[in-house]
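Reading through the structure tokens given below for one structure.
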Amino acid sequence: MKLSRKVIICCFAALNTLSVAGKLSAQNVPPADKAATKETRMLYSNMQKLAQTNVIFGHQDDLAYGVGWAYEKGRSDVKSVTGDYPGLYGWELGHLELDSAKNLDGVPFKNIISYVKEVYNRGGISEFSWHFDDPVTGKTAWSTPTTTVKQIIPGGDHHKAFVKYLDKFAVFVNQLKGPKGEMIPVIFRPFHEHTGGWFWWGNKECTPEEYVALWRFMVDYLRNTKQLHNLIIGYSAADYATENDYLERYPGDTYVDIIGFDAYMGKDADYFKKDLNSRFRILEKVAAEHHKLPALTETGYQEIPDPQWWTNVLLPAISQYKTAYVLTWRNWKTEHFFAPYPGQASAADFKKFYADPKLIFQNKLKPSIYTKNL
Ligand code: BMA
């Protein structure tokens with residue numbers, strides 16, 4: 001049957017609309033690394049499947065410490081409140097570059113290696129951030145102004161110093177081995193919040209071209225020179241108002257697997273909800289157009305003073321959009337925590353949040369997430 005040109009155009013336009021609206025968004029797309037290990041490919045594929053209907057709950061440093069305790073085997077504030085661990089665990093690599101035994105928050109790297117193995121063996125997922133010191137000035141990740149990015153990309157006068165940092169990263173990652181000697185897949189989220197100006201890699205410290213060159217060199221070097229093929233790469237912005245803002249520093253589809261943003265609640269819940277909706281709407285569109293997995297890569301409400309924050313604010317926001325996971329930040333002390341602990345004002349509501357069928361904590365994940373199609 002000969003279809004008129006007009007009918008064909010209408011069909012394509014309809015498909016495109018559906019796809020852009022996230023209805024036909026990425027499913028079973030391989031990782032950007034063509035040489036990714038089979039466990040890495042399986043994890044990424046299964047995360048895409050889970051993201052069609054669910055959100056994995058994550059917590060930074062969950063097994064290392066909590067409010068009022070540290071380094072007690074098996075302990076976790078999330079588990080103390082819900083009886084279950086998070087499904088995703090964030091770990092910080094800052095100071096790995098200094099050959100320090102502990103990260104910049106005091107967590108021993110040998111502990112992080114054992115947490116990553118423990119999590120892998122029960123089907124949890126680990127994610128790394130890296131607030132590394134400025135390779136030129138030796139100051140912290142938060143040191144600005146600086147021209148460091150220009151100086152450490154290929155051709156820069158401190159490029160070798162950056163390469164040394166990446167070599168140390170590779171030595172660390174090569175210790176992440178499963179029981180059969182396989183490399184444990186991890187999400188690696190470098191140079192995050194780059195649309196903000198507070199890190200030495202931020203948008204006030206380098207041009208988009210320099211940022212993209214930094215990112216591409218790093219990923220190519222880790223894949224091709226260091227032969228790391230267990231990294232699921234996360235691209236994680238701070239604020240942005242448009243798709244162009246979000247993509248201005250995007251390194252390209254072959255360098256990214258997960259796209260996300262970091263958003264913390266201030267005092268105003270309505271503003272936070274509007275902000276999340278605005279950024280999620282753009283993120284979902286970009287994820288569908290670029291076939292990437294969207295995630296809320298950092299979030300939280302410091303000290304969670306609103307007893308119903310979890311079911312009144314966060315859950316409605318993440319339920320409207322496709323997001324693979326939400327990572328809440330670390331439980332350092334009573335003035336700086338982002339997940340409840342027993343007796344905390346929001347603990348009862350967090351249990352309701354935990355019970356929502358949308359959420360995935362540790363008990364709903366199995367080690368087969370790395371070996372079998374869900
Ligand atoms: C920030 C704070 C800091 C910490 C840094 C890296 O949000 O929690 O105390 O050093 O993250 O983990």
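The basis for the numbers below is simple: all heavy atoms, side chains too, and nothing from hydrogens, waters or symmetry mates. Keep in mind the model is a prediction, meaning the values are calculated, not measured. Counting convention: from 1, in listed order, for ligands and their atoms alike.
With hydrogens left out, the protein atom closest to atom 4 (C) of ligand 1 is Asp105 OD1, 3.3 Å, a heavy atom. At the shortest separation from atom 1 (C) of ligand 1 among protein heavy atoms lies Trp329 NE1, 3.6 Å. Arg330 NH2, 2.8 Å is the protein heavy atom nearest to atom 9 (O) of ligand 1.
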Arg189 vs Asp262, test: side-chain contact (heavy atoms from CB on, under 4.5 Å). Steps then yes/no.
CA-CA 11 Å; Arg189 183 172 63 99; Asp262 294 358; 3.2 Å; yes
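When non-hydrogen atoms are compared, ligand 1 lies under 4.0 Å from the side chain of His336 (C-beta onward) but not from its backbone.
Atoms of ligand 1 lying under 4.0 Å from any heavy atom of His131, numbered from 1 in the order shown and given with element: 6 (C). Short contacts between ligand 1 and Leu104, defined as distances under 4.0 Å to a heavy atom of the residue, involve ligand atoms 6 (C), 10 (O).
Checked by atom type, the side-chain pair Asp349/Thr311 shows a donor-acceptor distance below 3.5 Å.
Remark: ligand 1 and Glu92 share no N or O pair separated by less than 3.5 Å (distance only, no angle test).
Aromatic pair Phe57/Phe350: ring centres closer than 6.0 Å. Here the two rings, on Phe132 and Phe191, have centers that are under 6.0 Å apart. For Tyr115 and Trp91, the gap between ring centers is short of 6.0 Å. Taking the six-membered ring where the residue is Trp, the centroids of Trp142 and His131 are separated by under 6.0 Å.
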